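First up is the structure itself, then whatever we jot down about it.
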Amino acid sequence: MMDDVRDPGERANPPAAPPEGPSPAPADDRGADRRQEGRRASERRPTSIRRAIREELAEEPTDEYFSEVHPQEFRAVPVIELDHVYLAFERPILEDVSLEARKGETICLVGESGTGKSTTLKLILRLLVPDRGKVCIHGEDITDLTFEQALEARQNMGMVFQSAALFDSMSVFENVAYPLREHTALDEDEIEERVREKLAFVDLDPDQVMQQLPSQLSGGMRKRVGIARGMANNPEIMLYDEPTSGLDPLSTGTITRLIMKLQRELDVTSVVVSHDIRSVFRMATRVAVLNQRRIVFFGTPEEMASSDDRYIRDFLGGS
Amino acid sequence: MTDTAAPGIPFANIGSRSRPKHSHTSRLPALTERLADASKQKLRTVQEYFSLAGKSLRFAFVRPFYAQDLVQQMDEIGVKSLGIVLLTGFFTGMVLALQSSVQMRAFGATMYIGRLVSASMIRELGPVLAGLMVAGRVGSGIAAQLGSMRVTEQIDALNTLGTDPIKKLVTPRVLAALIMLPILTIINDFVGIFGGSIISSVLVGVPTGYYWRTVWEQIAGDGFVLRYVPTDFVQGLVKPFVFGGIISITACYFGINTTGGTEGVGQSTTRTVVLSSILILVVDYFLTQILLSVLGS
């Protein structure tokens, strides 16, 4: 499993490559080439960003890849479903939002700040209840659950917060072990084994970080520990609230690659809220664009890249 | 819900032209509406406060039990507050003996200093001082800690990890305060009476043995509850138990409802200390009334 882990910023294996085992040398060369391309892309004028995105799409795992991995489930089973959801507090937050994520999909929610992206995650987690509409997990409406039932339902979900939200009074080990101690009957040896496995999965050296406090970690490391904690219980659903915000480009690449790896190797259904359009195009199977409290676009990254909609074009940063 | 006008914006849909700027008829409903909103908000706050208190106590009997957190909080609330309580109790006892000696000397009643100091410490000063000290030290700490957890999304993280934050964070703190505040009060009482004995013997000239005998006469003089527990002790221990609840629930309430980032954490901390202190003094009066009528003077 660790063979798949590269240096931060390096691109993930293309979908056709086997998930385990050392990568062949040409792939490394290609990675170097693509890093060069990446640099060039960032130096381009905004109007050519969409072209760069199209180039990204040509090499990233896409809809077809996931339909091969999950031939039936991917097409048929909505793991997460929001059905005509309305939510308002003192003012309307979401209006008529419908969205679904099928098994193994990564749905990216994008949009301007304050359009209700994080609120949508809270609805899926049932931290909020919609005023109208349904939120279904595996076809079951979770809006009517009691508080205790909702806590139980959340055990099947992992959440990575924008600030990582690690418990600062606990060490990294205790943070990752927390859901295991709460909800499993694993003994201490098994817990330690699981914690080590998860930390290794997120490309951290367990011996080095396990006893450290969150305050001793860098922002990128905290996010990775947050992912390790989120996936400790092997949830079927992972939710990410701006996982790459505030990170340098290399750490952003690492986190993006980890999200893709989680999806590829553990068959996790993910919803990612992000402002980083480049990461979104790398990891999304479908993209939902929120604007003015409504979903104005929901489709594949290719469809988004080729959309003629004025708002989408502006959002992507060029014509 | 989306169709309703936003609260706090009365007449939002009425054009400014149709409404005279300084009309009493239009200002009155706005004022009453605002008052109604404010009182509803206050009532909701009180309801949430008591709901939190109820839940935190109910969760003490519901699995899982966070015994380690409870012990940790007992250490935080009890053991770490010992220094401040010892210090305040000792000096309060001393100053009480000193002040009363001046007044009592006029009547030749300095021999009764022990009675006065012990009654004052056990019935009033011990519980109230310990309560105020703990409100300042522990209440502010709890509010700041939970407030920081709220603004850094750690409480949301607990929720998403399938843990009830009230059970994990509030219940151990409330239980720890309920257990530790009476213990701190007993220590405070003893240290205060001991401080009084030093002043009585050194400055007033009351023999130490006599001082302690009058202290015991005072404690035993008001009778016993359940044959062995002095009535004064019952008064002195019911109060810190209630104060422990007030401090911990107030701190947890403001802590977990913190909004507005670090500034909000500061506000929660201040509100906790102010409200806890006020509640301790107000509740103390009513508790004294009730206990005196139940137990007699």
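Scope of the values below: all heavy atoms of this structure, side chains included, with no hydrogens, waters or symmetry mates. Here is how names work: the chains are called A, B, and so on, in the same order as the sequence lines, proteins then strands, and each is numbered from 1. None of the values given here were measured: they were computed from a predicted structure.
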Discussion item. Does B:Q47, at its CD atom, have more than 12 non-hydrogen atoms belonging to other residues, nucleotides or ligands within less than 6.0 Å?
Written reply: no

Discussion item. Using heavy-atom distances under 4.5 Å, tell me whether A:D168 contacts chain B through its side chain, its backbone, both, or neither.
Written reply: both

Practice prompt. Verify, without hydrogens or angle tests, whether A:E182 (side chain) and B:T163 (backbone) share a donor-acceptor contact under 3.5 angstrom.
Written response: no

Discussion item. Rounded to the nearest 0.5 Å, what separates atom CD in A:Q155 from atom CG in B:L161?
Written reply: 9.5 Å

Discussion item. Take a 6.0 Å sphere around CZ of B:F61 and say whether it holds more than 12 heavy atoms from other residues, nucleotides or ligands.
Written reply: no

Worksheet item: Between A:R293, A:M159, A:H183, which shows the greatest number of heavy-atom pairs under 4.5 Å with chain B?
Response: A:H183

Worksheet item: Crowded around A:E148 CD? As in, over 12 foreign heavy atoms under 6.0 Å?
Response: yes

Discussion item. For the CD atom on B:E263, are there more than 12 heavy atoms of other groups (residues, nucleotides or ligands in this structure) within a distance under 6.0 Å?
Written reply: no

Practice prompt. Please determine, among B:D156, B:N159, B:L158, B:T152, the option with the most heavy-atom pairs under 4.5 Å with chain A.
Written response: B:N159

Worksheet item: What is the distance from atom CE of A:M170 to atom CD of B:Q154, rounded to the nearest 0.5 Å?
Response: 9.0 Å

Worksheet item: What distance separates A:L166 CG from B:E153 CD, expressed to the nearest 0.5 Å?
Response: 11.0 Å

Discussion item. Counting only heavy atoms from other residues, nucleotides and ligands, does the tally under 6.0 Å from NZ of A:K122 exceed 12?
Written reply: no

Discussion item. Nearest 0.5 angstrom please: A:Y178 OH to B:K168 NZ, how far?
Written reply: 4.5 Å

Practice prompt. Assess whether atom CD of A:E140 is packed by more than 12 heavy atoms of other residues, nucleotides or ligands within 6.0 Å.
Written response: no

Fill in: Interatomic spacing from CD1 in B:I155 to CZ in A:F167 - rounded to 0.5 Å
9.5 Å

Worksheet item: When you look at CD of A:E152, are more than 12 heavy atoms from neighbouring residues, nucleotides or ligands closer to it than 6.0 Å?
Response: no

Worksheet, complete the sentence: All heavy atoms of A:R229 vs all of B:A157, minimum pair found to be NH2-CB, 3.6 Å

Item to complete: Taking atom CZ of B:F241 as the centre, report whether more than 12 heavy atoms of other residues, nucleotides or ligands fall under 6.0 Å from it.
Response: no

Fill in: A:M157 vs B:T160, side chain to side chain contact (heavy atoms under 4.5 Å, CB included): CA-CA, chis, key distance, verdict
CA-CA 8 Å; A:M157 304 181 201; B:T160 60; over 6 Å; no

